[in-house]
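This report concerns only the one structure given below.
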Amino acid sequence: MIEGTGAKLNHVAIIMDGNGRWANERAHRRVWGHVRGSSVVSNIVEEADDLGLKALTLYAFSTENWSRPLTEVKTLFSLLKKFLKKERARILKNKIRFKVIGDIDKLPEETKKLIVDLEDETKTFEGLKLTFAFGYGGRDEIAKAVNKFIAENPGQPITQDAICANMMAPEIGDVDLLIRTGGDQRISNFLLWQSAYAELFFTPTKWPDFTREEFKKIVVDVLARERRFGNVAATDSLSESLSIAEKNKKELEELQTRSH
Ligand code: FPP
């Protein structure tokens with residue numbers, strides 16, 4: 001966790017947007033933007049590690065992205081493969097715990113194997129939790145978590161804790177800061193459950209132009225924001241706010257019983 005005067009940050013999630021427009025502005029095909037964007041990914045992972053973040057989740061391919069031209073889809077597949085091959089040694093050296101959330105079923109066998117092997121090799125690592133959302137949709141993840149719980153606990157009422165525990169990567173926890181590059185101000189079905197109390201930051205910078213320096217500046221700016229989680233004063237975490245809420249509710253109940 002890194003702490004500022006206000007917020008504390010464990011988990012940062014990024015919607016890496018603007019690749020296509022970046023390329024078009026330079027009279028290139030959209031896929032060129034993805035190619036340039038993929039080299040930015042390595043820099044941002046390195047900066048997240050240097051900043052001491054606990055988790056970084058990157059939106060690399062959404063369930064909606066399946067509707068893009070096949071050449072673009074294939075380019076994204078091959079960039080993921082290249083990244084895995086190129087960064088494997090660095091991920092192992094820095095004890096980064098790597099995971100992919102989403103549906104990787106349609107990826108080529110070789111890429112699937114690279115993912116599964118790296119997930120397996122890094123699953124006990126205690127460093128940065130680096131998660132790629134690929135073939136991912138937030139609603140899909142919630143529906144799958146609920147169905148998994150129902151299948152394993154027939155007839156039991158579902159709770160918020162049960163949904164958290166059945167997420168695709170429960171260990172990454174709630175998102176503290178959600179950044180979107182590229183100028184649009186939307187969440188686009190990314191980590192919907194985990195972002196309930198996330199600080200949001202939208203930058204006009206398109207992903208291929210996003211730098212370690214801008215990333216660090218955003219993190220530092222957000223660290224100065226006060227987070228209240230529904231309380232009136234700064235509160236350390238959502239769970240602290242919820243436990244204060246429970247305590248208050250109990251006290252109110254006791255007062256009501258006494259006054260009857
Ligand atoms: C959005 O830009 C970006 C994506 C759909 C893919 C993000 C992928 C990368 C940054 C590279 C992949 C790298 C790895 C390592 C998996 P857009 O095309 O929607 O941009 P636009 O809004 O300008 O059209």
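Counting starts at 1 for both ligands and their atoms, following the listed order. Because only heavy atoms are used, hydrogens play no part in the values below, and waters and symmetry mates are left out as well, while side chains stay in. This is a predicted model, so every value here is computed, not measured.
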Item to check | Residue L76 vicinity, atoms of ligand 1 by number, heavy atom under 4.0 Å | outcome: 6 (C), 8 (C)
Checklist outcome for this item: When distances are taken from atom 3 (C) of ligand 1, the protein heavy atom at minimum range is M16 O, 3.0 Å
Item to check | Heavy-atom proximity to atom 11 (C) of ligand 1, best of K206, R21, H34, E25 | outcome: H34
Next on the checklist: Please list, in number order, the atoms of ligand 1 under 4.0 Å from a heavy atom of F83.
Outcome noted: 15 (C)
Item to check | N-O pairing of E171 and K129 below 4.0 Å | outcome: no
Checklist entry - What orientation do F134 and F61 show, parallel under 30°, tilted 30 to 60°, or perpendicular over 60°? => result parallel
Checklist outcome for this item: Sorted by chain and number, sequence neighbours left out, side chain to side chain contact (heavy atoms under 4.5 Å, CB included) with R212 holds for N43, E46, E47, D50
Next on the checklist: Looking only at protein heavy atoms, which one is nearest to atom 9 (C) of ligand 1, and what is the separation?
Outcome noted: N19 ND2, 3.6 Å
Checklist entry - Salt-bridged, R88 to E121, with N to O below 4.0 Å? => result yes
Checklist entry - How does R68 reach ligand 1, by side chain, by backbone, by both or by neither, if only non-hydrogen atoms under 4.0 Å count? => result side chain
Checklist entry - Using 4.0 Å as the upper bound for N to carboxylate O, is an ion pair formed by R225 and E199? => result yes
Next on the checklist: For ligand 1, which is the ligand I care about here, please tell me if F132 has any N or O atom under 3.5 Å from one of the ligand's N or O atoms.
Outcome noted: no
Next on the checklist: To check your reading of the model: name the closest protein heavy atom to atom 24 (O) of ligand 1, its residue, and the distance in Å.
Outcome noted: R30 NH1, 2.9 Å
Next on the checklist: Give the atom numbers and elements of ligand 1 that come within less than 4.0 Å of a heavy atom of N65.
Outcome noted: 5 (C)
Checklist entry - F190 vs Y59 aromatic rings, parallel, tilted or perpendicular, using cut-offs 30° and 60°? => result parallel
Checklist outcome for this item: Excluding W22, membership of its hydrophobic cluster (Ile, Leu, Val, Met, Phe, Trp, Tyr; side-chain heavy atoms within less than 4.5 Å) reads W32, V35, L79
Checklist outcome for this item: Looking only at non-hydrogen atoms, the one of S62, A60, G33 nearest atom 16 (C) of ligand 1 is A60
Checklist outcome for this item: CD1 of I104 to CG of L80, rounded to nearest 0.5 Å, is 9.0 Å
Item to check | Heavy atom of G182, distance to ligand 1 below 4.0 Å | outcome: no
Item to check | Heavy-atom nearest neighbour in the protein, as seen from atom 13 (C) of ligand 1, with distance rounded to 0.1 Å | outcome: S38 CB, 3.6 Å
Checklist entry - Regarding H11 and D176, is there a side-chain donor-to-acceptor distance under 3.5 Å anywhere? => result no
Checklist outcome for this item: Near W207 (heavy-atom distance under 4.0 Å), the atoms of ligand 1 are 10 (C)
